[in-house]
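These notes are about the structure you will find just below.
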Amino acid sequence: MNDTREVVGACPHDCPDTCSLITTVQAGRAVRVRGNPAHPPTDGVLCTKVSRYAERTHHPERILTPLRRVGAKGEGRFEPISWDAALDEIATRLKGIAARQPQAILPYSYAGTMGLVQGESMDRRFFHQLGASLLERTICATAGGEALTRTLGGKVGMKVEFFAESKLILIWGSNSIASNLHFWRLAQQARRGGARLVCIDPRRTETADKCDEHIALLPGTDAALALALMHELIAHDWLDHGYIERHTLGWSALRERALLWNPERAAQVCGVAAGQIIDLARAYGTTKPAAIRLNYGVQRCAGGGNAVRAIACLPALTGAWRQRAGGLLLSSSGAFPVDRAALQRPDLLAGRRPRTVNMVRIGDALLGDADALAGGPPIEALVVYNSNPVAVAPESAKVVRGFARDDLFTVVLEHFLTDTADYADIVLPATTQLEHWDIHLAYGHTDVLLNRPAIAPVGQAKSNARIFRELAARMGFGAPCFADSDEALCRQAYGDNLDFGELLHHGFASLKIADAPFAEGGFPTASGHCEFNSEQTSTDERDGLPGHVPNREPSGQDARYPLAMISPPARHFLNSSFVNVQSLRSIEGEPLLEIHPDDAAPRGIVSGAQVEVFNDRGRYHCNARVSDRARPGVVNGLGIWWRKLGPRGTNVNELTSQALTDMGRGPTFYDCAVQVAPSSAPASA
Ligand SMILES: Nc1nc2c(c(=O)[nH]1)N[C@H]1C(S)=C(S)[C@@H](COP(=O)(O)OP(=O)(O)OC[C@H]3O[C@@H](n4cnc5c(=O)[nH]c(N)nc54)[C@H](O)[C@@H]3O)O[C@H]1N2
Ligand SMILES: Nc1nc2c(c(=O)[nH]1)N[C@H]1C(S)=C(S)[C@@H](COP(=O)(O)OP(=O)(O)OC[C@H]3O[C@@H](n4cnc5c(=O)[nH]c(N)nc54)[C@H](O)[C@@H]3O)O[C@H]1N2
Ligand code: SF4
Ligand SMILES: [Mo]
């Protein structure tokens, strides 16, 4: 057809791979989205989910107009209204509250799009000018991020492409095939070159199946494993003394700590055989280059920060950083020179210092818990975008009760009527990535990507940035920065740090980073060293050294709730996105709990049975799968279904807690004790 066009964009999702997309447009419709073969990290391949992005964009249930609630909160009954009516009503309500107490207004957003423009530009300016409460965006990665920063000085590490040359790769707390597909391709390449792959994960994932070795440790015991590896490195002198002396801080104290952790002690704590730990230490101590692909699965528990710190010390002990195919990667996002002050304009606060609400504790905060409210006023208005908190935040019972408050004014910017949108007073239709401009960083590679709109907005949808621009005008915010277009915001994101012309031309641009950035030390910490001992850590939590912090709710501790539950992502959803895309939901089937045969048999649970998973916080109804994908003592509740699409309107976050991690004030989704029983009533009830 002669009106066929191809447009280069960027995958917006919260995924380390940040793929370059090519969208085929015919007669104004996106008909196909594929991976850009010219972008090396993407290499022409997308995951199954985003291959369906055209289906998601042109989904028959897309919200096409602004909506006003007509039913009760949560019922999901709305009537269409005009943009003028919607924006006027929102501006009037927000002005009324702001005149008394701007901090009673709370934005709630996360990485529904990772785009810097649609995720953290005009929205932030708007709330800064308003003097609204600040949001601590902690729901994913802050424990690990903080831990990495305390150890290495930032979210920095190996360049991902060099994993292909490694001879040993520890895939630690990562189901790469599901969540980091383009890294997995590099790991396969390494394997063809003779590398050994070791997966460290309580669950026997599809990634574990394909590795040479799987260490199925108990959740939240990674620091103990890392300390025992150090013990063996010391005992066998597999250390790079020169590197330790020149480029690290706190070695003698760490050495003393590690010598307390012989493999037998760690094996007890981790619930694995001591022999596995000894073999892993030998491989790690004697193979060069050795690389660690650490991921966020290790840090969703009470001691998540300490676990990441312990693991992040390992490459400095063996001098693995000397080689470009050695070292560690958790996140590369710290390498991107984003000009956040230009994008977000914190100066618009003009000296005001609003209180900060932690998004993990939105349930408690909405219900008036003084601690969750950080001593500030009750929340009277909530503006949600790029997030689906009713489905994804912990302890759903409280989140739902909070959102159901009749005295709360809630605005939700969305593509679909999600569990959260069902509680909105006003829903505003937002554009998808195919319909707006944006610019991206990545956390699993080091390229900047530009996203051009491929099609016109669907229905009456507007981009987040445009919505906040129009709201700002209605609020009477006169500063010139409230007039910046989405495209202008793209240019401001990196300012002079980047050649925007190159981006416009190719759609991506690589950061200039040394192949082996820490071969000669030079870590971005205050000392310039890899900090085994962190002063920052010693002042606020512990003694400054990484240690094993047990889970709050470990397997086998509470007789009422003897099983530990983790709830990692289902492969064909992205958090709660795509759950409403029928072709993907069909692949996933039903909400699922994996349980080991030894735990299933005494409870009379068979595969396919409906079960109730419960603890003091709630009750989740789902389907059992009896399988050794779960290790004994641990059940896997794969996430994150829309509540309204799960049996009896529940999802796995009924069970999770709002407790925070040791560092970074992050969530403890995978630190959750439960009991499981066959369902007492039919699932359809
Ligand atoms: N397909 C798909 N891809 C995704 C997502 C998705 O929902 N679906 N989500 C995206 C987002 S937001 C993020 S943050 C990343 C998440 O991806 P990752 O950073 O890899 O983190 P998780 O998927 O939470 O967990 C990874 C693995 O860690 C394991 N794990 C759980 N507890 C522990 C533990 O205590 N120790 C160890 N060693 N392992 C543990 C889990 O079983 C899981 O297999 O993926 C992104 N990519
Ligand atoms: N039990 C359990 N809970 C978890 C996790 C877990 O592993 N287990 N993982 C946690 C993690 S790692 C994360 S990151 C969070 C993720 O939680 P969220 O950040 O809430 O991510 P999603 O569920 O993908 O929801 C994003 C929403 O943003 C919308 N959206 C996307 N693009 C745009 C846009 O341009 N404009 C607007 N207005 N909306 C848009 C999508 O339609 C979608 O509904 O969940 C956390 N919750
Ligand atoms: S979700 Fe990840 S793997 Fe899939 S297209 Fe997006 S960036 Fe690539
Ligand atoms: Mo995440």
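Both counts, for ligands and for their atoms, begin at 1 and track the order of listing. Heads up: numbering here begins at 1 and tracks the sequence. Computed from a prediction, not measured in an experiment: that's the story for all the values here.
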Top protein contact for [atom], by heavy-atom distance:
atom: atom 30 (N) of ligand 2; value: His415 CE1, 3.7 Å
atom: atom 13 (C) of ligand 2; value: Asn575 ND2, 3.9 Å
atom: atom 18 (P) of ligand 2; value: Ser387 OG, 3.8 Å
atom: atom 26 (C) of ligand 2; value: Gly112 CA, 3.5 Å
atom: atom 24 (O) of ligand 2; value: Ser577 OG, 2.7 Å
atom: atom 10 (C) of ligand 2; value: Phe669 CE1, 3.7 Å
atom: atom 9 (N) of ligand 2; value: Ile640 CD1, 4.0 Å
atom: atom 15 (C) of ligand 2; value: Ile139 CG2, 3.9 Å

Using heavy atoms and a threshold below 4.0 Å, how should the contact between [X] and ligand 2 be classified: side chain, backbone, both, or neither?
X: Ala111; result: backbone
X: Gln433; result: neither
X: Ala430; result: side chain
X: Asn386; result: both
X: Asp14; result: side chain

Check whether any N or O atom of [X], backbone or side chain, sits under 3.5 Å from an N or O atom of ligand 2, and answer yes or no.
X: Ser567; answer: yes
X: Tyr670; answer: yes
X: Leu413; answer: yes
X: Arg56; answer: yes
X: Tyr385; answer: no
X: Val392; answer: yes
X: Thr656; answer: no
X: Arg300; answer: no
X: Pro568; answer: no

- Task: Please round to the nearest 0.5 Å and tell me the distance separating atom CD1 of Ile640 and atom CG of Asp419.
- Result: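 Ile640 CD1 to Asp419 CG: 11.0 Å, rounded to 0.5 Å.
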
- Item | From Asp671 atom CG to Met565 atom CE, the distance as rounded to the nearest 0.5 Å | 10.5 Å

Which heavy-atom pair separates [X] from [Y] by the least distance, and what is that distance?
X: Leu87; Y: Glu470; result: CD1-OE1, 3.5 Å
X: Arg617; Y: Ala397; result: O-CB, 4.1 Å
X: Leu106; Y: Leu134; result: CD1-O, 3.9 Å
X: Val652; Y: Gly637; result: CG2-O, 3.8 Å
X: Ser387; Y: Glu414; result: O-OE2, 4.0 Å

- Ignoring hydrogens, just give me the one of Lys462, Met359, His13, Glu414 whose non-hydrogen atom is nearest atom 43 (C) of ligand 2. Glu414

- Message: Considering Tyr110, Tyr108, Trp642 one by one, which has a heavy atom nearer to atom 19 (O) of ligand 2 than any of the others?
- Response: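 Checking each option, the heavy atom nearest atom 19 (O) of ligand 2 is found in Tyr110.
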
Show the atoms of ligand 2 that are less than 4.0 angstrom away from any heavy atom in [X].
X: Asn653; answer: 1 (N), 2 (C), 3 (N)
X: Leu574; answer: 24 (O)
X: Cys140; answer: 12 (S), 14 (S)
X: Ser576; answer: 22 (P), 23 (O), 24 (O), 25 (O)
X: Val652; answer: 1 (N)
X: His436; answer: 35 (O)
X: Asn388; answer: 20 (O), 25 (O)
X: Thr418; answer: 44 (O)

With no hydrogens and no angle check, do the side chains of [X] and [Y] hold a donor and an acceptor under 3.5 Å apart?
X: Asn575; Y: Asp14; value: no
X: Ser657; Y: Glu553; value: no
X: Asp222; Y: Gln299; value: no
X: Ser109; Y: Arg137; value: yes
X: Gln492; Y: Asp484; value: yes
X: Gln582; Y: Arg585; value: yes
X: Thr420; Y: Asn388; value: yes
X: Glu146; Y: Thr149; value: no

- Heteroatoms of the protein, restricted to N/O/S, which lie under 2.8 Å from atom 2 (Fe) of ligand 3: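 Near atom 2 (Fe) of ligand 3, below 2.8 Å, one finds Cys15 SG.
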
- Query: Pairs in or reaching into residues 426-464: which pass ring-ring contact (aromatic ring centres under 6.0 Å, His included), with residues at least two apart or in two chains?
  - Reply: His39-His445

- Query: Should Lys398 and Asp364 count as an ion pair when the cut-off is N to O under 4.0 Å?
  - Reply: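 A salt bridge is present here (some side-chain N lies under 4.0 Å from a carboxylate O).
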
- Just wondering, more than 12 heavy atoms not from Arg625 lying within 6.0 Å of its CZ?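 No, CZ of Arg625 has 12 or fewer neighbouring heavy atoms, counting only those of other groups under 6.0 Å.
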
- Which residue pairs satisfy the salt bridge (Lys or Arg N to Asp or Glu O under 4.0 Å) criterion with at least one member in residues 425-434, sequence neighbours excluded?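 Applying salt bridge (Lys or Arg N to Asp or Glu O under 4.0 Å) to every pair that reaches into residues 425-434, excluding sequence neighbours, yields Arg69-Asp425, Lys73-Asp425.
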
- Query: Does ligand 2 have any atom that is closer than 4.0 Å to a heavy atom of Asn651?
  - Reply: no

- Does Arg56 make a cation-pi contact with Phe578 (under 6.0 Å, within 45 degrees of the axis)? yes

Could you pull out every donor-acceptor pair under 3.5 Å between side chains of residues 173-182 and any protein atom, sequence neighbours left out?
unit_1, atom_1, unit_2, atom_2, d
Ser174, OG, Ser176, N, 3.4
Ser174, OG, Ser176, OG, 3.0
Asn175, OD1, Thr207, OG1, 2.5
Asn175, ND2, Glu206, OE1, 3.1
Asn180, OD1, Arg293, NE, 3.1
Asn180, OD1, Arg293, NH2, 3.0
Asn180, ND2, Asp17, OD1, 2.6
His182, ND1, Asp17, OD2, 2.7
His182, NE2, Thr42, O, 3.3
His182, NE2, Val45, O, 2.7

